[in-house]
Amino acid sequence: GDSVTQMEGPVTLSEEAFLTINCTYTATGYPSLFWYVQYPGEGLQLLLKATKADDKGSNKGFEATYRKETTSFHLEKGSVQVSDSAVYFCALRITGFQKLVFGTGTRLLVSP
Amino acid sequence: NAGVTQTPKFQVLKTGQSMTLQCAQDMNHEYMSWYRQDPGMGLRLIHYSVGAGITDQGEVPNGYNVSRSTTEDFPLRLLSAAPSQTSVYFCASYSAGAQEAYNEQFFGPGTRLTVL
């Protein structure tokens, strides 16, 4: 079945450090890929997305590239801020299906 | 636009009690979904709807009922609450546009439910 695997957290970084959160997927069809962010006490918000191989999604300094050959969609940011502290979810959806398949989430903690 | 709203924010139930979690959206989205979020398991789909009068089961539907009488509302009913249903529940909606698979899902703020 379809699944998403994320690195376990928490990821603890100092402000201005480089961030990578790994995400790999298994899909029976051709998925669209998403990163969602959940700030404390809030619902999920779409951070970025990519719809086909080699697409790069970007938003708020975050980037992720859809790598079909390695079935990966790693999230990166060059310089994190304290305000980036949140839980990040990688997800996929197959065209024609209603279900978003989520990874387990990775908590990011950024200290000043 | 209020987006996706959920009530209540917090709820404590005793085993065997019933209740309804409310969800409403004001974006005229065709699709609505209910997810539950449990530690270490990400979000799992409970039920979803592709339009008024049409619902279907997701990954973990047992113990939950839904109905969709209007485009705006998609309530989730727990008929007889069990401790295993302690979780955070999220409602989401999105539009069935021309590129349906790419459309963003909008999530509500969640309902934290504890069943004793």
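We name chains A, B, ... by the order of the sequence lines, and we start the count at 1 in each one. Predicted, not measured: the structure shown is a model, and the values here were computed from it.
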Proximity breakdown for B/Q37 and chain A, heavy-atom pairs closer than 4.5 Å: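 Side chain only.
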
Least distance between heavy atoms, A/L44 atom then B/F107 atom: O-CB, 3.4 Å

Minimum heavy-atom distance between A/L100 and B/Q105, given as atom pair plus value: CD1-CD, 3.6 Å

Does a sphere of radius 6.0 Å around [atom1] in [X] hold more than 12 heavy atoms from other residues, nucleotides or ligands, not counting ones at 6.0 Å or beyond?
X: A/E16; atom1: CD; result: no
X: B/R44; atom1: CZ; result: yes
X: A/E15; atom1: CD; result: yes

Residue A/Q38 versus chain B: region with a heavy atom under 4.5 Å: side chain

A/W35 with A/V11, same ILVMFWY side-chain cluster at under 4.5 Å: yes

